[in-house]
Amino acid sequence: MAVFDRDAFWDKVMSMYPAAKESNYLLRLNEEQVSELKSIYMDIYIPVEDIEHYNDAQIMKKMMTAIVSISKLDKDHVTNGGEVVQLVNSVRFDGRYLYMHYAKISPVKMRRFELGLSQKQVSERMGYGISTVRNCEDFHCDMSRQPETLRAKLAKALNWEPEELMANC
């Protein structure tokens, strides 16, 4: 199972998340974007000596499988459990466009993933409990209704200015 921060391919798929969010979590890549993503995928995952064994359809299928397998085990240090968070729910290719349906991930959680931090690390930076971080990561959490001190500490823990936190949430 691939994790968010594995390599340039995953970084590229992650970098498209804001655009997907703007369009109701569905992103349509044009031929040029598909070609770029496929090129990155091939450079990393298909050895040069094996490239002749794959046709274009096989490469697309392997790449699409890789995209939907992007996930992160968000380990809970308290109970030693955790949840698997998928970045992309489904991928479809119609021969011209690649459609990626991204998962809805709260901006706070996504930022934490981008920084490679656990909930415990963020809570320690804030001086609050893990449950506070968990609540702030809830997709339906209204940050404007949270105390200003909490917002300031959360923003600092996530290397954001308070204004950036509010603009992203």
Side-chain angles (χ1 to χ4, degrees), residues 1-30 32-34 36-37 40-41 63-64 66-93 97-169:
M1 194 174 290
V3 295
F4 283 178
D5 58 318
R6 183 169 173 177
D7 54 40
F9 179 71
W10 306 131
D11 290 342
K12 183 65 177 177
V13 174
M14 265 192 75
S15 73
M16 297 176 193
Y17 187 85
K21 185 179 174 184
E22 294 285 321
S23 60
N24 203 23
Y25 299 94
L26 180 63
L27 191 61
R28 182 182 85 170
L29 303 182
N30 62 33
E32 185 179 313
Q33 292 168 312
V34 171
E36 179 187 359
L37 191 60
I40 294 169
Y41 177 79
M63 182 180 79
M64 290 167 55
I67 290 170
V68 295
S69 71
I70 298 173
S71 62
K72 178 164 183 68
L73 175 60
D74 195 15
K75 192 161 175 71
D76 182 348
H77 294 283
V78 176
T79 64
N80 209 19
E83 70 172 316
V84 175
V85 179
Q86 293 294 127
L87 181 61
V88 179
N89 291 332
S90 64
V91 180
R92 184 174 57 84
F93 183 62
Y97 298 108
L98 183 72
Y99 298 89
M100 295 192 297
H101 188 261
Y102 281 77
K104 291 182 181 178
I105 301 173
S106 79
V108 172
K109 184 180 275 192
M110 183 57 93
R111 178 66 174 177
R112 180 172 62 80
F113 288 161
E114 289 170 357
L115 297 173
L117 299 173
S118 68
Q119 287 178 334
K120 183 177 182 183
Q121 290 170 315
V122 172
S123 71
E124 288 170 353
R125 287 180 174 194
M126 291 174 63
Y128 283 80
I130 292 175
S131 62
T132 302
V133 175
R134 220 178 276 125
N135 290 339
C136 290
E137 288 183 350
D138 185 321
F139 202 82
H140 301 291
C141 179
D142 183 357
M143 291 307 293
S144 66
R145 300 188 77 192
Q146 302 301 319
E148 189 173 335
T149 55
L150 182 135
R151 291 193 313 251
K153 288 181 179 186
L154 179 60
K156 185 176 179 182
L158 296 173
N159 297 331
W160 269 341
E161 292 298 320
E163 298 78 28
E164 287 177 290
L165 174 69
M166 294 308 294
N168 284 291
C169 291

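Just so you know, these numbers use all the heavy atoms, side chains as well, and skip hydrogens, waters and symmetry mates.
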Quick check for you: to the nearest 0.5 Å, what is the distance between [X] atom [atom1] and [Y] atom [atom2]?
X    : Y    : atom1 : atom2 : result
Y25  : K104 : OH    : NZ    : 6.5 Å
W10  : L87  : CH2   : CG    : 9.5 Å
Q119 : E124 : CD    : CD    : 12.0 Å
S90  : M64  : OG    : CE    : 9.0 Å

Quick one: closest heavy-atom pair of [X] and [Y], and the distance?
X    : Y    : result
A157 : L115 : O-CD1, 4.4 Å
Q121 : L117 : OE1-CA, 3.2 Å
M126 : K153 : O-CD, 3.3 Å
C141 : N135 : CB-O, 3.4 Å
A8   : I40  : C-CG2, 4.1 Å
L27  : A19  : CD1-CB, 3.9 Å

Side chains of [X] and [Y]: does their closest heavy-atom pair fall under 4.5 Å?
X    : Y    : answer
T132 : L154 : no
L150 : C136 : yes
I105 : K21  : no
L29  : M16  : yes
L37  : F9   : yes
R151 : M143 : yes

Any chance you could lay out the salt bridge (Lys or Arg N to Asp or Glu O under 4.0 Å) test for E36 and K12, step after step, and finish with the verdict? CA-CA 10 Å; E36 179 187 359; K12 183 65 177 177; 3.1 Å; yes
Side chain of [X], backbone of [Y]: donor and acceptor closer than 3.5 Å?
X    : Y    : value
R112 : E137 : no
R28  : Y99  : no
Q86  : V68  : yes
D142 : S144 : yes
Q33  : N30  : yes

Can L98 and R92 be said to form a side chain to side chain contact (heavy atoms under 4.5 Å, CB included), step by step? CA-CA 6 Å; L98 183 72; R92 184 174 57 84; over 6 Å; no
Quick one, V108 with N168, criterion side chain to side chain contact (heavy atoms under 4.5 Å, CB included). Give me CA distance, side-chain angles, the key distance, then yes/no. CA-CA 8 Å; V108 172; N168 284 291; over 6 Å; no
Pair Y17 and Y102, ring centroids less than 6.0 Å apart: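 Yes; Y102 has its ring centre under 6.0 Å from that of Y17.
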Can you check side chain to side chain contact (heavy atoms under 4.5 Å, CB included) on M100 and L26, steps first, answer last? CA-CA 6 Å; M100 295 192 297; L26 180 63; over 6 Å; no
Starting from the C-alpha separation in whole Å, work towards a yes-or-no answer on side chain to side chain contact (heavy atoms under 4.5 Å, CB included) for T149 and Y128. CA-CA 11 Å; T149 55; Y128 283 80; 3.9 Å; yes
